[in-house]
There are 2 protein chains.
Amino acid sequence: MDIKIVDVAKRAGVSPATVSRVLNDSNLVTEKTKRKVLAIIEEMEYHPHAAAKQLRSQRTMTIGVIVPDINVSYFSEIIKGIENMAYAKKYKLIICDSDNTLEKETEYLELLKNRTVDAMVLVMPFMNDEELYELADKGFLIGVVGRNISHDGIPTCKTDNVKFSHVAVNHLLEQGHRSIAYIGGYSDSAESYERLEGYMKALKDHQVPFQPSLIDNGDYQEMGGYNAMNRLMDSGTPFSAIYVANDEMALGVYRVCLERNVRIPEDMAVIGVDNNRISRYINPPLSTVNQPKYAMGALIAEKLIDLMTIKEFAEKKDWIIHSDLIVRESSNYQRNE
Amino acid sequence: MDIKIVDVAKRAGVSPATVSRVLNDSNLVTEKTKRKVLAIIEEMEYHPHAAAKQLRSQRTMTIGVIVPDINVSYFSEIIKGIENMAYAKKYKLIICDSDNTLEKETEYLELLKNRTVDAMVLVMPFMNDEELYELADKGFLIGVVGRNISHDGIPTCKTDNVKFSHVAVNHLLEQGHRSIAYIGGYSDSAESYERLEGYMKALKDHQVPFQPSLIDNGDYQEMGGYNAMNRLMDSGTPFSAIYVANDEMALGVYRVCLERNVRIPEDMAVIGVDNNRISRYINPPLSTVNQPKYAMGALIAEKLIDLMTIKEFAEKKDWIIHSDLIVRESSNYQRNE
DNA sequence: TTGAAAGCGCTAACAC
DNA sequence: GTGTTAGCGCTTTCAA
């Protein structure tokens, strides 16, 4: 039989209430009693039953994260950031992998509804805005990473898509490129649109005409980038550079170039987004926009925990973190046209 | 105020017990009552309180995993395997990142002791065998991936280190190499020893003398491989091939070769272990031993869940999964000495 | 500063 | 097939 709080209390010659106070660091206990109880706890190897504590106190000290794929370093690094902040603030973390499906994402939200977690971080959720609003309106605490949510109750953290895309495409233009393709993420998503906006701004700065036939979309996965690149190259409009909405899809672009004997960067300059670990190791090393993933994770976790602690929003609820362009070999080749 | 089982019961005109039966799929309920209750549950958006259920039933339907670093694909793929099996069997998963420290690993074990999880999977734990035995002896359910544990109560899953190392080094010998270095993992670990054993067996098969100065150790991280490779190359004993205990360390080996203008595979053949995703993308693509990570994760999760369900061991408690050598460019160069 | 006692929301034994 | 009721192990008033 497991040992419980009454057992400790009896052995220590105090009441369960006192043991509870010791466990929860109440200052209503004498230093002496505290030491005695602590000693007994140690001796008996007592471990407070989590479920009982949670039921009584109505909090779990646990936060959840739902990511589309834990294997993708963009997500696992965000998780690292959340995990470290959570750990520092004594929160536990439940990590959920939605396998890139809305179905699993929805199912994992049950953890919030059945109070397994006190709050949930959604990273690049598939769910639409309205469903997210509804959750917040019902009093569930959620935070979102990588997407804009216009709801007072939902803190968000993302990077400035327009800005860094502008910078990235600008870099390509400065290398002399005049026909630059773009592969976005999901075609209906805000961030794809924003990245396209940055792309167009850069073209405009350099008075380069916009060519719709150089625009395509993928699904943020390698295969999606592969397919989009093939479509672009088959479409007939020539281009010498490409800006890809994430590094995963850039991997697919690399594969197409290899298969078609297109040299990077001589024949085709490539820039990705995310600074996934792998981008540094591929051949040639991929220029990319560094998304401060760890920082975004830590920040959203901190805000959510603050919210649970002080129960009200600070002056700000949406956080934009700065991203840097990292120029590597894949875009480092001066053209003279 | 949140709605609870009595509220549902009242509205449905039944007792809480009946609602509970419906929720838990008991067959002691009329199809009609069931439908009615289910409708009310839906209508009221009732979500059973997890902690209450756990406290009463003394099980959480949750398993935990502790990995050294969630960012390393070897671990995140094992997690994927566990997660999918858990999901299929209606278990939730708590993922813990020990940050490569024994301290955090130990702390996360608290989740098992305080009954937050019903079982815990330890992937490449830092803890020594005795502590693991002690946990099992106290009745905690644990499973271990990537290490041999000689305890009846602890199921394990790993690959055959001796065998695949034998195969890998054999491949190197068949390419004509006669001086082959080896970088192991932690010098005191069983798997490092087993891999060394396979290495030696292969040498013996080909009557190649063993040279202790060609053996070094790292810590399974890139930097460890980098340092070990530098030491080996500075030691004075020449070698034309190297077998590295994991792909992460092989990345460090690649870096040394780059810095010293040693060409892979012409001047130096390299074989890693794990078949991390990155190994396929680096230049040149790395030959490696494919560890069936997903399968190992799924298997240990299945065994653990079986154990909780039927409460006794099957005929077998330690599982060895087969690993294949994947030959890529880094070792594909025929020597003529 | 400490103790007694109520109750968090659910399940399961028992009664009907 | 359904209802009544006790109690899982803890925290937190309230009283002393």
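Proteins come first, then strands; the chains are lettered A, B, ... in the order of their sequence lines, and each starts at number 1.
Separating the CD1 atom of B:I3 from the C1' atom of C:dG9 is a distance of 12 Å, rounded to the nearest angstrom. B:N24 has its CG atom 5 Å from the P atom of C:dT11, to the nearest Å. Note: CG (A:D2) to P (D:dG9) measures 8 Å, nearest angstrom. C:dG9 atom P lies 10 Å from atom OH of B:Y46, rounded to whole Å. The separation between B:K10 atom NZ and C:dG9 atom P is 12 Å, rounded to whole Å. A:L28 places its CG atom 12 Å from the C1' atom of D:dT13, with the value rounded to the nearest Å. Between A:H49 atom NE2 and D:dT11 atom P the separation is 12 Å, expressed in whole Å. Regarding A:R21, its CZ atom lies at a distance of 13 Å from the C1' atom of C:dA5, rounded to whole Å.
Residue B:S57 places none of its side-chain N or O atoms closer than 4.0 Å to OP1 or OP2 of C:dC10. A:T30 has a side-chain polar atom (N or O) that falls below the 4.0 Å cut-off from OP1 or OP2 of C:dT2. OP1 or OP2 of C:dG3 lies within a sub-4.0 Å distance of a side-chain N or O belonging to A:T18. When the side-chain nitrogen and oxygen atoms of B:K53 are compared with OP1 and OP2 of C:dG9, none of them lie within a distance under 4.0 Å. Between B:Q58 and D:dG9, a side-chain N or O to OP1/OP2 separation shorter than 4.0 Å is present.
Nearest nucleotide to the A:S15 side chain, out of C:dA4, C:dC10, D:dC10: C:dA4. Distance from the side chain of A:I5 is smallest for D:dT11 among the nucleotides D:dT4, C:dT1, D:dT11. Side chain of A:L23, nearest nucleotide from D:dT11, D:dT2, D:dG3: D:dT11. Distance from the side chain of A:L55 is smallest for C:dG9 among the nucleotides D:dT11, C:dT1, C:dG9.
Looking at heavy-atom distances under 4.0 Å, A:V6 makes no contact with the nucleic acid at all.
Ion pairing of B:K104 with B:D97 is absent here, as no side-chain N (NZ or NE/NH1/NH2) approaches a carboxylate O to less than 4.0 Å. In this structure, B:E45 does not pair ionically with A:K113, as no charged nitrogen and carboxylate oxygen lie closer than 4.0 Å.
Judged by distance alone, with hydrogens and angles left aside, the side-chain atoms of B:E105 form a donor-acceptor pair with the main-chain N or O of B:M127 at under 3.5 Å.
Between B:T156 and the options B:V144, B:L122, B:I142, B:I320, a side chain to side chain contact (heavy atoms under 4.5 Å, CB included) holds for only B:V144.
Contact of B:R56 with D:dG9 (side chain to base): no donor-acceptor pair of N or O atoms is detected under 3.5 Å. For B:R115 and D:dG9, a side-chain-to-base donor-acceptor distance below 3.5 Å is absent, hydrogens and geometry of angles not being considered.
No hydrogens or angles considered: a donor-acceptor pair under 3.5 Å links the side chains of B:N114 and B:T116.
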